[in-house]
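The block underneath contains the structure these notes are about, expressed in structure tokens.
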Amino acid sequence: VHVRKTACQIDITCCSFEDYKLTTEWLLNQTRHRPKVAVICSSGLGLLADAASNKQTFRYQDIPNFPVSTAPGHEGCLVFGTVDGAACVFMQGHFHLYEGYSLCQVTLPVRIFKLMGVESIIVTNASGGICPDFKVGDIMIIKDHINLPGFAGQHPLCGPNDERFGTRFPSMSDAYSKDLRRLVSEVACELDYSSFLREGVYCMVSGPNFETIAEARMLLVLGCDSVGMSTVPEVTVAKHCGLRVLGLSLITNMVSLDYSREEKVNHDDVLHICKTRAKLLQKLVTELICRLQQQNINTN
Ligand SMILES: O=P(O)(O)O[C@H]1O[C@H](CO)[C@@H](O)[C@H]1O
């Protein structure tokens, strides 16, 4: 892991291909699991890994080059296991810009998954609802995103491009796989989730403060349906290296668009809603992985 200066002379921590390889080999030497699916569990959703069997757990602090989780509600464990016979890896907690990590550190696990042989990644997050039709507890399939920090140069692909991962100028017009979106909505309908299933545009802000009312109104005008402080860097790097991406966002609060609203969002409430909806999300993700596994069997 190296420290280098950006164009504006800010020190950022970044990783070389050898760093990614070292961590990948370290993990592959410790586990027999060879996952094809990775799941990033957001704030308070670490429970998504509970459905896996034959689990093997590594604490982030014990994995070479891995950052550690500092955000409350993020367990900081990498869990390997099988779901319906499909080998998976779950990140219980992910990393954020607001923790002081560079975007290279935030996205490090994604490239490690790629080198391990992962093909599809399911990214979950907690977000604030901007779309006035949304309700707390809704599950939003992410159709697209807005990379607001990216507009200001905080982008995980800034810096020298390593062609072993992907091209210098990747397309992002299909960042979220249409097939996976279709499949997860079919599964959600079968589970009778239609009344709280949404699809929309997620906007990333750097945080750590929640939005001002003027900012929230701006996001609404920009076409955002929900807002959060994660996911976009991981998705961008996943797409760059050719992974299939699905994003699921749990609406944990409605963002205030109105100066007369007294209610204020806080992280404890976000975690509380995650806790109350975690089982539902777990069922959805587990069933989706089973379907992917069946499709694999049928096409191989
Ligand atoms: O995106 P995740 O980590 O799920 O969590 C969301 O919840 C936290 C704020 O309550 C922020 O970390 C925000 O991004």
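The figures here come from the full heavy-atom set of this structure, side chains too, leaving out hydrogens, waters and symmetry mates. Atoms within a ligand are numbered from 1 in the order they appear, just like the ligands themselves.
Which parts of ligand 1 touch Phe210 is read off a 4.0 Å heavy-atom cut-off, strictly below it: atoms 9 (C), 10 (O). Atoms of ligand 1 found under 4.0 Å from any heavy atom of Val270, numbered from 1 in the order shown, are 7 (O), 10 (O). The contact set between ligand 1 and Tyr98, taken as ligand atoms under 4.0 Å from a residue heavy atom, comprises 11 (C), 12 (O).
Cluster membership for Ile112 and Leu28, using ILVMFWY side-chain heavy atoms within less than 4.5 angstrom, is shared.
A salt bridge does not link Glu186 with Arg182: every distance from a Lys NZ or Arg NE/NH1/NH2 to an Asp or Glu carboxylate oxygen is 4.0 Å or more. The residues Asp138 and Lys135 are annotated as not salt-bridged, no charged nitrogen and carboxylate oxygen being separated by less than 4.0 angstrom.
Backbone and side-chain nitrogen or oxygen atoms of His96 are examined, and one is located within less than 3.5 angstrom of a nitrogen or oxygen of ligand 1. Between Met229 and ligand 1, at least one N/O pair is under 3.5 Å apart. In terms of N/O distances under 3.5 Å, ligand 1 is approached by Ser230. The shortest N/O to N/O separation between Thr124 and ligand 1 does not fall below 3.5 Å.
In the candidate list Ala126, Gly207, Cys274, Ala126 is nearest to atom 6 (C) of ligand 1, counting heavy atoms.
In this structure, CG in Asn253 is found 9.5 Å from CG in Leu250, a value given to the nearest 0.5 Å.
The one candidate from Lys114, Arg111, Glu25 that meets the side chain to side chain contact (heavy atoms under 4.5 Å, CB included) condition with Tyr20 is Arg111. Only one option out of His145, Arg244, Lys143, Arg181 pairs with Tyr176 in a side chain to side chain donor-acceptor pair (under 3.5 Å); it is His145.
Residue contacts with ligand 1 for Asn125 involve both N, CA, C or O and side-chain atoms from C-beta outward (heavy atoms, distance under 4.0 Å).
The environment of Arg32 atom CZ is sparse: at most 12 non-hydrogen atoms of other residues, nucleotides or ligands sit within 6.0 angstrom.
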